[in-house]
Amino acid sequence: MLFADVVLPVPLPGMFTYSLPDDLCQQVKAGCRVIVPFGNRKTTAALVARIHETPPEGFEVKSVVSIVDAEPVVLPWQLALWQWVADYYMCSLGEVYKAALPAPIKKGKKPVAAAYGAATKPDGGNTAAAPLHPSQPLATEAPAPLFALDPLSPAQQQAKAAILAAWQTKPVCLLHGVTSSGKTEIYVHLIAEAIARGEQVLYLLPEIVLTSQLTDRLRAVFGQRLGVYHSKFTDVQRTDVWRRQLSAAPYDVIVGVRSSVFLPFQRLGLVIVDEEHENSFKQQDPAPRYHARNVAIVLATTHHAAHAHGTAAKVLLGTATPSLESYYNARMGKYGLVALTERYGQVLLPQVEVIDTKELQRKRLMDGAFSPRLLDAMRDALLGGQQVILFQNRRGFARQVECHVCGWVPHCPHCDVALTLHKRVNRMTCHYCGFTTDIPSRCPNCEGDDLRQIGFGTERIEDDIHRLFPDARIARMDLDTTRSRAAYETIIHDFAEGRTDILVGTQMVTKGLDFERVSVVGILAADTMLNQPDFRAWEHAFQMMTQVAGRAGRRSRQGLVLLQTKSASLPLIAQVVDNDFDGMYTQQMLERRQFAFPPFVRLIMVYVKHRNATTIDILSRDAAMRLQQLFGTRAFGPDEPPVGRIQSLYIRRVVIKLELTLPLAKARELLHRVRDELLAQRQYASATIYFDVDPL
Ligand code: ADP
Ligand code: ZN
Ligand code: ZN
């Protein structure tokens, strides 16, 4: 009798064992989907991870109902990678399975075209050194040949040579290249060379940077060899890419978001993680709470172990503002480190000028969120036919509404946050759960009618620019104006084509965009970024400000950045002005070391959630006490996160700080044990407890 261990899309630990009827056991392989009974008279699709002869003990085994695939849809090394993700990020294999596969594959939909040949042959297609596949079952036309590109500048050539040299001894290299130094150009050359060697390439980008601006640029070079994998694509499109990657003629290059680390590659040679510092590489909710950059690094090594090349796939992390973790790894010699300090075409980095808004406010010289200096610079830019980008890190019209008489502030009934005023739709909205309600005409507390709008959001900035520059063409880019991918692309396209003069937006405008005529960038209020209660606040503020500054003056003339802040004397402001990444790094690392934060310790956040305010207090203290018994002074808390209740669930957390030398497996085992013990108690039955490893 044979048995199959299968993965089910459930948050339960481990795998599930089913027996294989004699007529099925010849046909099934690891990586194929099967239909199994699960729960009350239900069946579900599951993925076979292992076939073996050991009957499970202690319970009656149910039998596999039917087999979906003749050939695997998931390759053996992928299963190993999933297991690594589940172990490291402390979730179930089923949760990784759910995140990894496009929905139709998960649901057990029959394959449309069975063209998986190469993936399962013993040589795995690895010896296919010829980049052109003569018989392509899926591609409609032969891929366009790679044509010579723009030649690299001497500085770019040097950087590329240094990257290749670093890869001789280390699989991972960090390219620290200033904004507009032409990192993308270097990637293109490295990709072309990898393809010529018969390797596949994964080009990872944060969601928001994956614009048609970039894909057009890549498609011009790689044509049909390029596949795009995006979460805004339909299930059908994503499934097509997955199947194509299993076929005898997979895409040579995949440019994709976070989840593309889970695609089936057959001969991966190079992974590029562009904008490696970006937060959005870390998945927050639901589990797996994985960091795609780190998974990509593991992918590069896991994959190589499974295929015949014998050498690990290479990883290039690229950014103008490295994450402190990656920079530390590079400085410690774990990664190669290559710097590119000049912009392409010898364009100077923008000049950053600090404007002290505290002083201006005192003298009543501010016009709303605008200083006179910023307005002058905007006027000059527009007169000269140039464009302006304004960065305001809050969407909506006003941060909150406040009764001027009694101080009443409308809050979300489900979350512990004030409602944000959105004037365009005439509603107040919760940014955590989406709750919306009408704007009251009177204060329900004191009946007063002097309700004021506090703080500036992008909508309000947009209104003010209309008033101040009635002739200017203005676009706003934030979550509210970019609900669809098309809307987002239109805003970027119009700005690139000069159909818009001023672009105002949230951090969306700071990301990887390449425009020709932007001469002025305004950072309207740096302070909201600086005052976050978060050990990464300054690192993130530096990254965001430097990145948005980098959108200015990318072609010929030096750009101007006007940085408005009430904290003009903070060292961080000077570091942004001087583009002094090393200064920021040195100072932040001193603090991280002193207060024991990453990269000097490993953080694991233990989250507990419950509907009841009393239970959450008892539960979180119980959890902290148990954790302190096991981890001693490495366990901190419980404390309340900045938003202590979301969607009617109270949230508390216990922070675990582990020395890097501590065996992680042991710590994880203890954490799982505490969670199981707590959840086994009747009074905590409806609680949620989960872990966030390496939290942002
Ligand atoms: P980064 O990714 O470092 O911010 P980009 O790769 O977007 O920079 O390059 C900035 C601009 O300079 C782009 O418009 C790009 O087309 C141009 N550029 C960079 N390198 C070259 C090159 N070698 N030849 C021609 N144009 C280049
Ligand atoms: Zn009132
Ligand atoms: Zn809410």
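For ligands, and for the atoms within them, numbers begin at 1 and follow the listed sequence.
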**Q** Can you tell me which portion of T184 lies within the under-4.0 Å heavy-atom range of ligand 1? Options are side chain, backbone, both, or neither.
**A**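 For T184, backbone and side-chain atoms both sit under 4.0 Å from ligand 1.
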**Q** On a heavy-atom basis, I'd like to know which of S180, S181, A155, P151 is closest to atom 23 (N) of ligand 1.
**A**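 Looking at heavy atoms only, P151 sits closest to atom 23 (N) of ligand 1.
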**Q** May I ask you to identify, for A320, whether its side chain, its backbone, both or neither come under 4.0 Å of ligand 1 on a heavy-atom basis?
**A**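 Neither; no heavy atom under 4.0 Å.
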**Q** Heavy atom to atom 16 (O) of ligand 1, shortest distance: which of Q156, E185, K183 holds it?
**A**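 Heavy atom nearest to atom 16 (O) of ligand 1 belongs to E185.
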**Q** Going by atom types only, do H610 and T688 share a side-chain donor-acceptor pair under 3.5 Å?
**A**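 Checked: H610/T688 side chains show no N/O donor-acceptor pair below 3.5 Å.
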**Q** Considering non-hydrogen atoms of the protein only, which is the closest contact for atom 6 (O) of ligand 1, and what is the distance?
**A**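 Here the nearest protein heavy atom works out to R217 NH2, 2.8 Å.
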**Q** How open is the angle at the Zn ion (ligand 3) from atom SG of C433 over to atom SG of C412, rounded to 10 degrees?
**A**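 Once rounded, the angle between the two atoms at the Zn ion (ligand 3) is 110°.
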**Q** To the nearest 10°, what's the angle at the Zn ion (ligand 2) between atoms SG (C443) and SG (C446)?
**A**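 An angle of 110° at the metal.
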**Q** Would you say R555 has more than 12 foreign heavy atoms packed within less than 6.0 Å of its CZ?
**A**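 Yes, CZ of R555 has more than 12 neighbouring heavy atoms, counting only those of other groups under 6.0 Å.
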**Q** Any nitrogen or oxygen of T179, main chain or side chain, under 3.5 Å from a nitrogen or oxygen of ligand 1?
**A**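 Min N/O separation from ligand 1 is not below 3.5 Å for T179.
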**Q** Which residue and atom name correspond to the protein heavy atom nearest atom 25 (C) of ligand 1, and how close is it?
**A**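 The closest one turns out to be Y344 OH, 3.2 Å.
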**Q** In Å and rounded to the nearest 0.5 Å, what is the CG to NZ distance from L316 to K183?
**A**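 Result: 10.5 Å between the selected atoms.
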**Q** Verify whether the ring centers belonging to H431 and H422 lie closer than 6.0 Å.
**A**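 Yes - the distance between ring centres of H431 and H422 falls below the 6.0 Å cut-off.
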**Q** Would you call the rings of Y585 and F581 parallel, tilted or perpendicular, where under 30° means parallel and over 60° means perpendicular?
**A**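 It falls in the parallel class, under 30°.
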**Q** Should the pair Y690 and Y607 be assigned to parallel (<30°), tilted (30 to 60°) or perpendicular (>60°) ring geometry?
**A**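 Y690 vs Y607 ring planes: parallel.
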**Q** L152 versus ligand 1: do any nitrogen or oxygen atoms come within less than 3.5 Å of each other?
**A**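 It does not: no N or O of L152 is found under 3.5 Å from an N or O of ligand 1.
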**Q** Specify the closest pair of heavy atoms between Y187 and G318, including all atoms of both residues, with the distance to one decimal.
**A**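 The pair with the smallest heavy-atom distance is OH-CA, 3.3 Å.
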**Q** Is it the side chain (CB and beyond), the backbone, both or neither of R343 that lies under 4.0 Å from ligand 1, heavy atoms counted?
**A**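 No part of R343 is near ligand 1 at this cut-off.
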